[in-house]
Amino acid sequence: MKISIIHSVIFSAIFCVSAQANESAWSAKSSDAQGGNTFSSSTKSSLAANSNVPEGPSIAAKSTPQSQAAKRVNVRPAQRDVNYDYWVYDAYVTLHTDSDYDGYYHHFSVDFDVDSIYANSEVYARLYLGVNEEFREYHTTSDFYIGGDSTQDQITVETELLSGFYPDDYEVLIEIYDAYSNELVAVYDGYSDADLYLLSIESQDKEVIYVEPDVVVIEASGGSAAWLALLLLPILLVRLANTNSFRLRP
């Protein structure tokens with residue numbers, strides 16, 4: 001009996017730790033494009049490194065910012081800490097898909113235009129979603145070129161959140177890095193642009209799709225058949241209840 005109790009306690013502890021780990025994990029699938037040309041499509045996850053490797057057999061596997069596990073940021077980067085040779089001129093968000101029509105979208109895109117004092121530069125961006133000053137990275141772009149203050153080098157990041165994002169009003173944080181030195185050179189967020197603030201978003205695993213229940217019709221003419229129908233009625237009601245059940249959004 002004591003051994004059984006100990007096993008039960010150990011199992012419960014392992015289960016709770018596992019549940020908490022899964023609860024805090026997140027993942028998203030995104031693609032980034034410039035001028036209509038898609039650079040890569042990839043999945044970013046907080047659980048494993050090399051989760052953001054671009055799709056395609058010609059891409060060599062290596063450790064890059066794009067292939068690293070998703071970061072969590074608890075302190076918003078300060079504008080004064082960045083390089084003023086680079087800046088984000090503008091950004092906006094387009095909400096695309098809300099499968100359960102509850103007002104929270106799992107499919108969206110972010111467009112932003114990076115400028116510089118230099119005629120030609122190569123940079124990359126990290127994109128985060130945040131609530132209450134806690135930001136979770138959901139995509140790291142491929143390296144891309146920008147030309148001074150041109151408006152023709154805008155980047156589009158299209159995303160489907162797969163898991164780990166509960167329904168809420170999120171803020172988008174964009175970090176720009178020098179592609180050669182990996183130095184943080186620009187920051188853009190909801191403080192910079194209201195278009196990146198209070199976005200109704202959730203991940204796909206939080207979408208709740210209602211399914212119409214099956215209708216069960218019982219016909220009986222009397223006698224033994226009627227008694228048999230009455231005996232089967234509780235079983236049919238349980239089946240109907242199970243069919244009609246659905247998981248509520250937390």
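Remember, predicted model here, so these are calculated numbers, not experimental data. Nothing fancy with the numbering, it's 1 onward along the sequence.
Among all heavy-atom pairs drawn from Y197 and G190, the shortest one is CB-CA, 4.2 Å. Heavy atoms only, all atoms of each residue included: N182 and P65 are closest at OD1-CG, 3.8 Å. When all heavy atoms of V185 and V82 are compared, the pair lying nearest together is O-CB, 3.5 Å. Contact between A186 and W87 at its shortest, heavy atoms only, is CB-CA, 4.0 Å. Between D113 and T151, the shortest heavy-atom distance links the atoms OD2-CA, 3.9 Å. When all heavy atoms of A91 and D193 are compared, the pair lying nearest together is O-OD2, 3.0 Å.
Annotation: side chain of V88 is in contact with side chain of I176 (closest heavy-atom distance under 4.5 Å). For the pair S31/V157, no side-chain contact is recorded, criterion being any heavy-atom separation below 4.5 Å from C-beta on.
Counting non-hydrogen atoms of neighbouring residues, nucleotides and ligands closer than 6.0 angstrom, the CG atom of N132 reaches no more than 12 such neighbours. Around CD of Q152, the count of heavy atoms belonging to other residues, nucleotides or ligands within 6.0 Å does not exceed 12.
Distance check: S67 OG to K44 NZ gives 7.0 Å after rounding to the nearest 0.5 Å. For the atom pair CD (Q34) and CD1 (I146), the distance works out to 9.0 Å, reported to the nearest 0.5 Å. With values rounded to the nearest 0.5 angstrom, Y188 atom OH is found 12.5 Å from L173 atom CG. Once rounded to the nearest 0.5 Å, the distance linking OH of Y191 with CG of L196 reads 13.0 Å. To the nearest 0.5 angstrom, S116 atom OG is 14.0 Å from Y145 atom OH. Atoms CD and OG, on E160 and S27 in that order, are 11.0 Å from each other to the nearest 0.5 Å.
Taking the six-membered ring wherever Trp is involved, the centroid distance between the rings of Y138 and F108 falls below 6.0 Å.
Under the 3.5 Å distance criterion, the side-chain polar atoms of D168 are left unmatched by any main-chain donor or acceptor of Y170. No donor-acceptor pair closer than 3.5 Å links the side chain of E183 to the backbone N or O of D178. Of the possible polar contacts, one joining the Q66 side chain to the T141 backbone as a donor-acceptor pair under 3.5 Å is found. A donor-acceptor pair under 3.5 Å is absent between the side-chain atoms of D195 and the main chain of Y92, judged by distance alone. A donor-acceptor pair is defined here as one N or O able to donate and one able to accept, closer than 3.5 Å; no such pair exists between the side chain of T38 and the backbone of S40. With hydrogens and angles ignored, the 3.5 Å screen pairs a side-chain donor or acceptor of D98 with a backbone N or O of G103. Looking only at distances, no side-chain donor or acceptor of S200 sits under 3.5 Å from a matching main-chain atom of Y104. Using a distance-only test at 3.5 Å, with no hydrogens or angles considered, a donor-acceptor pair links the side chain of R136 to the main chain of G164. For the pair S46 (side chain) and W26 (backbone), a donor-acceptor distance under 3.5 Å is present. Not a single donor-acceptor pair under 3.5 Å links the side chain of T97 to the backbone N or O of S99.
If you chain together hydrophobic residues whose side chains sit under 4.5 Å apart, Y128 and I201 never meet in one group. In the hydrophobic cluster analysis, where Ile, Leu, Val, Met, Phe, Trp and Tyr join through side-chain heavy atoms closer than 4.5 angstrom, V187 is grouped apart from F112. Linking Ile, Leu, Val, Met, Phe, Trp and Tyr whenever their side-chain heavy atoms come within less than 4.5 Å puts L127 and L95 in one cluster. Residues I174 and L129 fall within the same hydrophobic cluster, defined by Ile, Leu, Val, Met, Phe, Trp and Tyr side chains chained together at heavy-atom separations under 4.5 Å. A continuous path of Ile, Leu, Val, Met, Phe, Trp and Tyr side chains, each step under 4.5 Å between heavy atoms, connects V114 with F39, placing both in one hydrophobic cluster.
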Chi angles and distances behind the side-chain hydrogen bond (donor to acceptor under 3.5 Å, both in side chains) call for S109, T156: CA-CA 7 Å; S109 58; T156 299; over 6 Å; no
Just do the side-chain hydrogen bond (donor to acceptor under 3.5 Å, both in side chains) check on T159 and S30 with the steps written out, would you? CA-CA 4 Å; T159 300; S30 304; 2.8 Å; yes
With side-chain contact (heavy atoms from CB on, under 4.5 Å) as the test, would you mind laying out the steps for Y180 and E122 before giving the verdict? CA-CA 8 Å; Y180 296 100; E122 191 173 9; 2.8 Å; yes
Could you walk me through whether H139 and K29 pass the side-chain contact (heavy atoms from CB on, under 4.5 Å) check? CA-CA 8 Å; H139 184 63; K29 183 176 182 178; over 6 Å; no
Begin from the C-alpha positions of D102 and V208 and carry the test side-chain contact (heavy atoms from CB on, under 4.5 Å) through to its verdict. CA-CA 9 Å; D102 63 349; V208 179; over 6 Å; no
Are L199 and V172 close enough, and set up right, to give a side-chain contact (heavy atoms from CB on, under 4.5 Å), and what steps lead you there? CA-CA 8 Å; L199 304 169; V172 172; 3.6 Å; yes
Begin from the C-alpha positions of S192 and D189 and carry the test side-chain hydrogen bond (donor to acceptor under 3.5 Å, both in side chains) through to its verdict. CA-CA 5 Å; S192 311; D189 54 22; 3.2 Å; yes
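Under the side-chain hydrogen bond (donor to acceptor under 3.5 Å, both in side chains) rule, H106 has a single partner from K206, E207, H96, E202, which is E207.
A parallel orientation is assigned to the rings of Y124 and Y177, their planes being inclined by less than 30° (bins at 30° and 60°). By the 30° and 60° cut-offs, the orientation of the rings of Y86 relative to Y118 is tilted.
One finds a salt bridge joining R126 and E137 here, because a Lys/Arg side-chain nitrogen approaches an Asp/Glu carboxylate oxygen to under 4.0 Å. Between E171 and R76 there is a salt bridge, since at least one side-chain N of the basic residue sits less than 4.0 Å from a carboxylate O of the acidic one.
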